[in-house]
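Following: one structure in structure tokens, then a few remarks.
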There are 2 protein chains.
Amino acid sequence: MLIFVNIVDNIDFQSTLMDQITQAPVTSTDKTFLRLRSDIVEGIILSGSKLSEAELSNYYSVSRAVIRESINRLESCYLVERKPNVGAKVVSLSAQGLSELYQVRESLEGMAARLAAIHMSDDEVSDLNELLKTHFQTVKSGETYYQEAGDVDFHYRIILGSKNKQLISLLLNGIYHLVRMYRVQLGMAGPRVTTAFDEHKAIVQAISHRDSELAEILMRRHIQYTRKNLSQKLTTSV
Amino acid sequence: MLIFVNIVDNIDFQSTLMDQITQAPVTSTDKTFLRLRSDIVEGIILSGSKLSEAELSNYYSVSRAVIRESINRLESCYLVERKPNVGAKVVSLSAQGLSELYQVRESLEGMAARLAAIHMSDDEVSDLNELLKTHFQTVKSGETYYQEAGDVDFHYRIILGSKNKQLISLLLNGIYHLVRMYRVQLGMAGPRVTTAFDEHKAIVQAISHRDSELAEILMRRHIQYTRKNLSQKLTTSV
DNA sequence: CTAGCTGATTTTGTCGACAAAACAAGCTTT
DNA sequence: AAAGCTTGTTTTGTCGACAAAATCAGCTAG
């Protein structure tokens, strides 16, 4: 009993789960979504605050339809919560939430590291080593820049290196921006900078040696450390 | 530089990531989304076919806005793919996709089993044992009903038992319906029914003994078996 | 003084219309 | 005959208006 027989063309646009990541924003909704997401991650729109469709529509000078669709997308990457007939609010950061998020992250990124050790091309591995060198220069010169952008870039490449589209989408379209939100808003400066670099180095080595099991273990440990570091900031700051 | 100071009330509706799961559909969009999702998972709307907004709007007797929002939600649970200015189509099932999906599933549900062994209340564990008994009756009487509904229910409870909201949302709002789509459309009948029951039993035992590590191992293995079973059907049927 | 009702106001949900982009068919040109 | 332009059609993107639900304020009753 196939109702939609007529529209079954099995058309193939080369769309994959990764589209949103690789493609540039084209529509007005795309741009508004990116602006909103950035404003939320950076804390310009405060965690816990209500998102009024009318207000945002006015502020970004787009129609309410555009705002609604943007909010929907934000909901699917866990940055806002919506309730029918009531509205949306930015998620509230909490020790509990951080813990649960990092538990998931540890599992998924550990897996990504394991798969990356198997599936990354030799070229990609060299690029990764290059990136590490760059980071080393940055760390040596004492810039804090490394913390956010550099770290994100590092994890970003390994996730992509897993070559598992489902995993990539889950992380990069999904929880990764929430991770960033915690990191940015809790402030990622401190003594962990250099330590993290050594951990990164060890992970890259494991991947270079194609030692997938070690890569997973090291990545999991690395994320555990980061989590402890963040938890501490959260409890002392609140 | 806080632009939205005025709207920062930190209002708390007890909304969580789990809302969509526990709450009944209230709005027209909710209902349409559920109908569409069901039609896709069940294969009434064929995998790979294009979703025309106008056509669906007409078919379900709702406005295009409702259809659009439904399609967006379907995209965030990986059931449809969208391309700007072109449209949406139902995902195509493939051996590659199945493999990648189950790789992720193995990791996440393994984790869920481990956490469930730790966090489930004694009452919930008893309920789980009860469920198992019911399934045993069903299997003994030779009904195939067990396959889909029973199995889903089993995994469902363990996922909820993990008590990790992030994980629960990732699985139940996210990939789980895609998993179901593969299962339903590849047909879940066959000799694995009774075998799967034994595996379920072993998992429940591990959880009952609060042996989290064993629970994880058994769950991962269980999902690996299922995956092999499905892969076989996919390659032989295509 | 508190709890609960009532009506006004605000906010979200739904709709149809228009704008803009993609698609399709036929024509032209090489 | 094949590639590319042109025009007409279809489909998606965006908008403003109306409907329905929730919120708020003031009032009433206990």
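For the numbers below, each heavy atom of this structure counts, side chains included, while hydrogens, waters and symmetry mates do not. As the structure is a computational prediction, the values presented were derived from the model and not from experiment. Labels below follow one simple rule: chain letters A, B, ... track the order of the sequence lines, proteins then strands, and each chain is numbered from 1.
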Step-by-step side-chain hydrogen bond (donor to acceptor under 3.5 Å, both in side chains) determination, B:S107 to A:S107: CA-CA 7 Å; B:S107 175; A:S107 174; 2.9 Å; yes

Check nucleotides 15-21 of chain C for protein N or O atoms closer than 3.5 Å to its own N or O atoms and list the pairs.
unit_1, atom_1, unit_2, atom_2, d
C:dC15, OP2, B:S63, N, 2.8
C:dC15, OP2, B:S63, OG, 3.0

Quick one: list whatever passes side chain to side chain contact (heavy atoms under 4.5 Å, CB included) with B:R64, sequence neighbours left out.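 Partners of B:R64 under the side chain to side chain contact (heavy atoms under 4.5 Å, CB included) test: B:E53, B:S57, B:R68.
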
Side chain to side chain contact (heavy atoms under 4.5 Å, CB included) with B:S121: which residues, sequence neighbours excluded?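 With sequence neighbours excluded, B:S121 shows a side chain to side chain contact (heavy atoms under 4.5 Å, CB included) to B:D123, B:E124, given in chain and number order.
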
Among [options], find the nucleotide with the atom closest to the side chain of [X].
X     : options                : result
A:S52 : D:dA22, C:dT12, C:dT14 : C:dT12
A:V86 : D:dT23, D:dT14, C:dG13 : D:dT23
B:R68 : D:dT11, C:dT14, D:dG13 : D:dG13

For the residue pair A:A112 and A:S162, what are the closest heavy atoms and their distance?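 Reported closest heavy-atom pair: O-CB, 3.8 Å.
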
Using a cut-off of strictly less than 4.0 Å, decide whether [X] has a side-chain nitrogen or oxygen near OP1 or OP2 of [N].
X     : N      : result
A:T29 : D:dT14 : yes
B:K83 : D:dG13 : no
A:K50 : C:dT10 : no
A:T27 : D:dT12 : no

In whole Å, I'd like the distance from the [atom1] atom of [X] to the [atom2] atom of [N].
X     : N      : atom1 : atom2 : result
B:R73 : C:dG13 : CZ    : C1'   : 11 Å
B:F33 : C:dG13 : CZ    : C1'   : 17 Å
A:E53 : D:dT14 : CD    : C1'   : 15 Å
B:N58 : D:dT11 : CG    : P     : 12 Å
B:L51 : D:dT12 : CG    : P     : 9 Å
A:N72 : C:dT14 : CG    : P     : 11 Å
B:Y60 : C:dT14 : OH    : P     : 16 Å
A:E55 : C:dT10 : CD    : P     : 14 Å

Hey, does the Lys NZ or Arg CZ of B:R73 hover above the aromatic six-ring of B:F33, less than 6.0 Å from the centre and inside 45° of the axis?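 Output yes; distance and angle both within limits.
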
For the side chain of A:H119 and the backbone of A:R114, is there at least one donor-acceptor N/O pair under 3.5 Å apart?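 Pair absent, no side-chain N/O of A:H119 close to backbone of A:R114.
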
Which label fits A:H222 and A:H155: parallel for a plane angle under 30°, tilted from 30 to 60°, or perpendicular past 60°?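 Aromatic pair A:H222/A:H155 classed parallel.
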
